[in-house]
Asks: 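Sending over a structure as structure tokens; questions will come in a sec.
Any value given below was found using the heavy atoms of this structure, including those in side chains, with hydrogens, waters and symmetry copies removed. In what follows, chains carry the letters A, B, and so on, assigned in the order in which the sequence lines appear, proteins first and then strands, with residues in each chain numbered from 1.
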Number of protein chains: 4
Amino acid sequence: MPNRYVAVCGDSDPGTPHRQAALDVGRLLAEAGCVVLCGGYGGVMEAASEGAAKAGGTVVGILPTSDREGANEYLTLSLPTGLGQARNAVLATAAEAVIAIGSAGWGTLSEIALARRLGRPVVGLQTWRLEGLETAGSPDEAVRRVLG
Amino acid sequence: MPNRYVAVCGDSDPGTPHRQAALDVGRLLAEAGCVVLCGGYGGVMEAASEGAAKAGGTVVGILPTSDREGANEYLTLSLPTGLGQARNAVLATAAEAVIAIGSAGWGTLSEIALARRLGRPVVGLQTWRLEGLETAGSPDEAVRRVLG
Amino acid sequence: MPNRYVAVCGDSDPGTPHRQAALDVGRLLAEAGCVVLCGGYGGVMEAASEGAAKAGGTVVGILPTSDREGANEYLTLSLPTGLGQARNAVLATAAEAVIAIGSAGWGTLSEIALARRLGRPVVGLQTWRLEGLETAGSPDEAVRRVLG
Amino acid sequence: MPNRYVAVCGDSDPGTPHRQAALDVGRLLAEAGCVVLCGGYGGVMEAASEGAAKAGGTVVGILPTSDREGANEYLTLSLPTGLGQARNAVLATAAEAVIAIGSAGWGTLSEIALARRLGRPVVGLQTWRLEGLETAGSPDEAVRRVLG
């Protein structure tokens, strides 16, 4: 299957307005048989994890710290890297495609940029508007696009 | 469960004399419910992956490259990091304990040292003899020790 | 001195239209006593290195590869990291402030985003227009701003 | 010049018994025109930095943290990486050769192993005894050997 590993990036704010979109993206990726990768924490990451886990999928959290503290409860596997923000490059490298959700953060932007730099397809949903960044109008469209 | 994530480190030589020990360690870890982490390639890594996978376990290969080429066929999940040898530090960080098998390599020694530096318990099996490194006489003993 | 270490980020295209701006930024930083950090290769990086070196400054190239091949000739010091794109996070971390020049690339965008994520001040010159990114109208203004 | 960049590795204990050896190694490397790389902190690292700096050499500290706190006062340049223990791989990669001093630590052992894994020559001085690790009887001999 093309793009079996798909990262979902977005802010960690528990009150994120993008929770429903992230839940849907996680669920749709899991239903399509994808492994969901994410940064492992709250907000968009947690919602995508919850969506994927409740649909029976596999979710891997790639953490910046050297322990598992603060990892969300929906992760199938959590992997502390100890790398700090360089973990964003690991996440972009491990992913075959990326869906970026929400506009709040520099961390999300770094993941978009690193993934594009590595030649990974990235689809944005309600996120940073950037020349050269493909966007989707709905979770369904975002998932269809990364699955090619 | 304590030490749910256990890394198995060892050389990538397909003709490694430690194949049987690695198969047994992988199988025993999977039977104990552990997630097996490894470098993802051949030799000791492949045998541990095979042992774990055939016992129904989960095996994650953390690769130094930015693609999945050369990853062994028994991995449940493969995660390219693009970090080169710094991936050894990620492997040691993601693991709650390490079993090091065989004496051929500097890579294995780096994983022992990084894991000990991070305070992770490490058990050696037919490997480098080092002051302060616990050793086991059999796969069974090694697994019992890391499970505490 | 505040912000002694300043990274200059930009594309590696030898025909970059931003060569003169980068030369000026490198020179002005060196004249102000800053250490210039960069990715170590051509284009904007080389021009900033040349500007700093010819003004008697110190320039450090932080390379993604594990050898020094392709490093530009104006670097005082070259440091291969072997980290691939994760070197962008190291560059952003080592810098106390960043000047981003030119709009061609995802690599530059990742450095802007990682540096902002880490709380480093970033000033853009003829680069990506992003909400929350400070921009300058000239090399002189860019350098004045990062020096606070 | 071959092996212009030489890393000096060793424990950070301020009461290290290897202080004089590290001072001498730093001085001799600087006199030979080498750039000294180290982890940037106290103990052996600080003594090597002091020896090199007082001989007019250049010393670069490659730090595991994301700030410069705790860096020793003799560094010409300090570069925070934010990578935690993965900084040891960066140090080994940036070095063309390594001198390891003293036996106290797993961190030193990881740097020996990573450097050997990367094919860098390593000379040990009063350090871990390992099959395949070259050792020297004095600072002078250690420096002569890494300079080839």
Asks: Can you name the nearest heavy-atom pair linking D:Asp11 to D:His18, along with the distance?
Replies: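 Scanning both residues completely, I find the closest heavy atoms to be OD1-CD2, 4.2 Å.
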
Asks: When only heavy atoms count and the cut-off is under 4.5 Å, which of residues 113-120 of chain B reach chain D?
Replies: B:Ala113, B:Leu114, B:Arg116, B:Arg117, B:Leu118

Asks: Can you confirm whether D:Leu109 sits close enough to D:Leu130 that some side-chain heavy atom of one is under 4.5 Å from a side-chain heavy atom of the other?
Replies: yes

Asks: Do the non-hydrogen side-chain atoms of B:Asp24 and B:Gln20 ever get within less than 4.5 Å of each other?
Replies: yes

Asks: If I compare all heavy atoms of D:Ala48 with all of D:Val8, which pair ends up nearest, and what's the gap?
Replies: CB-CG1, 3.7 Å

Asks: Side-chain contact test, heavy atoms from C-beta onward, threshold under 4.5 Å: evaluate it for D:Lys54 versus D:Arg27 and give yes or no.
Replies: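 Not in contact.
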
Asks: State, to 0.1 Å, how close B:Val25 and B:Pro139 come at their nearest heavy-atom pair, and which atoms those are.
Replies: CG2-CB, 3.7 Å

Asks: Under the side-chain contact (heavy atoms from CB on, under 4.5 Å) criterion, do B:Leu91 and B:Leu37 qualify, and how do the steps go?
Replies: CA-CA 7 Å; B:Leu91 185 52; B:Leu37 307 178; 3.8 Å; yes

Asks: Carefully, step by step, assess D:Thr127 and D:Leu133 under the rule side-chain contact (heavy atoms from CB on, under 4.5 Å).
Replies: CA-CA 10 Å; D:Thr127 192; D:Leu133 178 64; 4.2 Å; yes

Asks: Is any residue of residues 62-90 of chain D within less than 4.5 Å of chain B by heavy atoms, and which ones?
Replies: D:Gln85, D:Ala86, D:Asn88, D:Ala89

Asks: Please say which of B:Val143, B:Leu147, B:Val146 ends up in a side-chain contact (heavy atoms from CB on, under 4.5 Å) with B:Leu28.
Replies: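 Among B:Val143, B:Leu147, B:Val146, the one that satisfies the side-chain contact (heavy atoms from CB on, under 4.5 Å) with B:Leu28 is B:Val143.
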
